[in-house]
Amino acid sequence: MIPRRYASIVCSSIVGGLACWLIPGSSVERYAFLFTTIPFTGSQSVIDGNGSLENPYAHKSSKSVDFKKISQPIDITITDDPKQIFQSSPASPVDFAIILKNLTRLHQDSIAIGTPLTWADPEAIPLAALDQQLDAIPHLITSAPLSRGSTPSPIPPAFRRASINLAQLHGNTSLIPVVNRIPIPGVLLGNEKSLAGFTALESEPDQSSLPLIAIWDDRVVLSFHLLTALNHLQVPLDAIEIHVGRHIYLGKKSSYIPIDNYGRLSFFPEEFKTIKNQPLPAEELLDTIAQPFPENNFKPIIIRNTHSTQDLPSIEFSNSLIQSITLLSNPSDGFSIKYYANLTKDVELLFMAALLCLIFGIQNFWYGRDARGPLIALTAAIIIIHFLIVHLTATWIPTLPALLTLAFAIFFTKRKSNQYRRGRFTLPW
């Protein structure tokens with residue numbers, strides 16, 4: 001039988017040990033983290049992480065954005081062509097070749113085409129003319145959807161040039177989508193210098209999210225949105241680091257793009273969903289002599305398809321394309337990501353051992369019910385220290401196990417055990 005005077009410290013030790021084992025990563029700890037940090041974040045924020053050393057807690061929040069100062073892409077749209085300027089509607093290979101030729105004439109050498117260049121039963125000569133015009137653009141980004149099928153295909157050169165090594169992908173990659181083919185035939189991606197990014201991952205069940213990465217063979221291929229943003233920011237592909245479930249680091253200070261465990265954008269600030277862009281119909285460029293774009297424009301220029309005959313997923317992709325690229329192209333303005341480091345298990349055990357020693361000392365050297373007063377004061381001090389450490393050092397400490405240990409110590413501090421201690425330490429006179 002445990003002596004009465006030691007029952008309190010034994011129970012507190014057991015409770016503290018169980019708390020250190022069960023609480024980390026639980027919903028209780030996430031609510032505690034939210035309560036601790038939410039007053040110091042922006043109006044829109046998301047909590048990520050599980051409190052482990054590999055995946056610490058993080059606050060991903062939006063900033064107050066001044067859209068007059070951020071970079072927004074120039075939006076060239078392929079419309080229904082109500083004036084019948086082009087050869088056909090939807091635009092044919094010849095029409096696309098004319099659009100690209102006119103952009104080159106207007107000194108635009110960086111172009112991103114956000115619609116797959118594919119047609120059913122195209123004629124060979126117009127297709128060859130468009131292919132030749134694609135090669136004439138110095139900096140070109142093309143696009144195509146990707147999927148996963150029973151018959152894999154090799155990575156097209158344009159996708160391989162725009163991919164990164166698997167060594168740049170850190171963390172658990174088991175949930176990252178795997179692709180092995182382009183599900184539409186005969187899509188033009190450019191030949192020698194062009195880069196290609198995916199518009200959608202058709203094999204993924206969740207089509208409402210924004211996937212940014214996928215794995216194809218031994219490479220990591222990027223979305224059209226991300227590839228365009230990297231091109232604008234002039235970030236080389238070998239400079240980025242992808243931490244699954246946390247962020248894509250772009251190699252520059254404060255340049256983080258938050259992603260979830262599936263490689264999808266995990267946080268989209270509401271401010272960027274309301275961006276008002278001024279699309280420029282492609283047919284209006286044909287007779288333009290002067291430069292219609294500002295001198296310090298966003299590069300590359302974006303070409304997207306707004307034709308009404310598209311299917312619903314393509315329409316949704318086109319409608320959100322400019323907002324998504326604007327967000328990814330301004331990571332330091334759109335996202336605020338703050339990580340909270342964790343103590344190692346050895347340090348946490350030392351912290352809990354020191355706390356138990358302090359509780360034992362208080363219970364043995366304070367008389368009667370007076371022991372509860374110092375224990376309550378210690379509880380208040382730990383709460384204050386918790387807030388100071390979290391906000392000054394961005395370190396998450398095991399406060400919940402400590403508070404639970406103190407609560408049991410206060411509860412088990414009984415009068416009888418204290419009377420025993422009082423009789424022992426009473427002086428004879």
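Computation of the quantities below employed the complete heavy-atom set of this structure, encompassing side-chain atoms and omitting hydrogens, waters and symmetry-equivalent molecules.
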Solution key, residues 15-23 side-chain donor-acceptor pairs under 3.5 Å, sequence neighbours excluded:
none

Shortest non-hydrogen pair, L134 vs G190, comes out as CD1-N, 4.1 Å

Donor-acceptor contacts, no H, no angles, side chain residues 377-386, under 3.5 Å, sequence neighbours left out:
{"from": "T379", "atom 1": "OG1", "to": "L375", "atom 2": "O", "distance (Å)": "2.9"}
{"from": "H386", "atom 1": "ND1", "to": "T399", "atom 2": "OG1", "distance (Å)": "2.5"}
{"from": "H386", "atom 1": "NE2", "to": "T36", "atom 2": "OG1", "distance (Å)": "3.1"}

For Y256 and Y249, I'd like to know if the aromatic rings sit close, meaning centre-to-centre distance below 6.0 Å.
yes

Heavy-atom nearest pair, G197 first then L227, reads N-CD2, 3.8 Å

Residues passing the side-chain hydrogen bond (donor to acceptor under 3.5 Å, both in side chains) test with D95, sequence neighbours excluded, are S92

F159 meets the ring-ring contact (aromatic ring centres under 6.0 Å, His included) criterion, sequence neighbours left out, with none

Contacts satisfying salt bridge (Lys or Arg N to Asp or Glu O under 4.0 Å) that involve residues 392-411 (not counting sequence neighbours) are none

Sequence neighbours excluded, the answer for side-chain contact (heavy atoms from CB on, under 4.5 Å) partners of N305 is I78, T115, H307, Q310

H391 and T37 have their tightest heavy-atom pair at CE1-CA, 3.9 Å

Can the positive tip of R264 be found less than 6.0 Å from the middle of the six-membered ring of Y262, inside 45° of the ring normal?
yes

List, one per line, each side-chain donor-acceptor pair under 3.5 Å for residues 230-248, sequence neighbours excluded.
{"from": "H232", "atom 1": "ND1", "to": "K299", "atom 2": "O", "distance (Å)": "3.2"}
{"from": "H247", "atom 1": "ND1", "to": "Y339", "atom 2": "OH", "distance (Å)": "2.5"}

For L400 and E29 the tightest heavy-atom approach is CD1-CA, 3.7 Å

Quick note, side chain to side chain donor-acceptor pair (under 3.5 Å) partners involving residues 143-154, not counting sequence neighbours, are none

key: Donor-acceptor under 3.5 Å (T173 side chain, I176 main chain)   = no

Residues 342-354 vs salt bridge (Lys or Arg N to Asp or Glu O under 4.0 Å), sequence neighbours excluded, gives K345-E348

Practice task
Look only at the side chain of T77 and the backbone of T79, and say whether a donor-acceptor pair between them is shorter than 3.5 Å.
Solution key: no

Hits for side-chain hydrogen bond (donor to acceptor under 3.5 Å, both in side chains) against S329, two or more places apart or cross-chain, chain-then-number order -> none

S194 meets the side-chain contact (heavy atoms from CB on, under 4.5 Å) criterion, sequence neighbours left out, with L140, A158, R161

Here the pair of heavy atoms bringing T395 nearest to Y340 is N-CD2, 4.4 Å

Residues pairing under side chain to side chain donor-acceptor pair (under 3.5 Å) where one sits in residues 176-193, two or more places apart or in two chains, turn out to be D131-N191, D135-N191

Check whether D80 reaches the backbone of S308 with its side chain - one donor and one acceptor, N or O, closer than 3.5 Å. yes

Shortest non-hydrogen pair, P145 vs P116, comes out as CD-CG, 3.8 Å

Go through L265 and S209 one step at a time and tell me if the side chain to side chain contact (heavy atoms under 4.5 Å, CB included) criterion holds. CA-CA 7 Å; L265 184 68; S209 60; over 6 Å; no

Take I359 and I362 through the test side chain to side chain contact (heavy atoms under 4.5 Å, CB included) and record every step on the way to the result.
-> CA-CA 5 Å; I359 292 172; I362 290 174; 5.8 Å; no

Subject >> Ring centroid separation F198 to W216 under 6.0 Å >> reply: no

Subject >> Side-chain donor or acceptor of S324 paired with backbone N/O of S320 under 3.5 Å >> reply: yes

Query - N165 (side chain) donor-acceptor with Q168 (main chain) under 3.5 angstrom - result: no

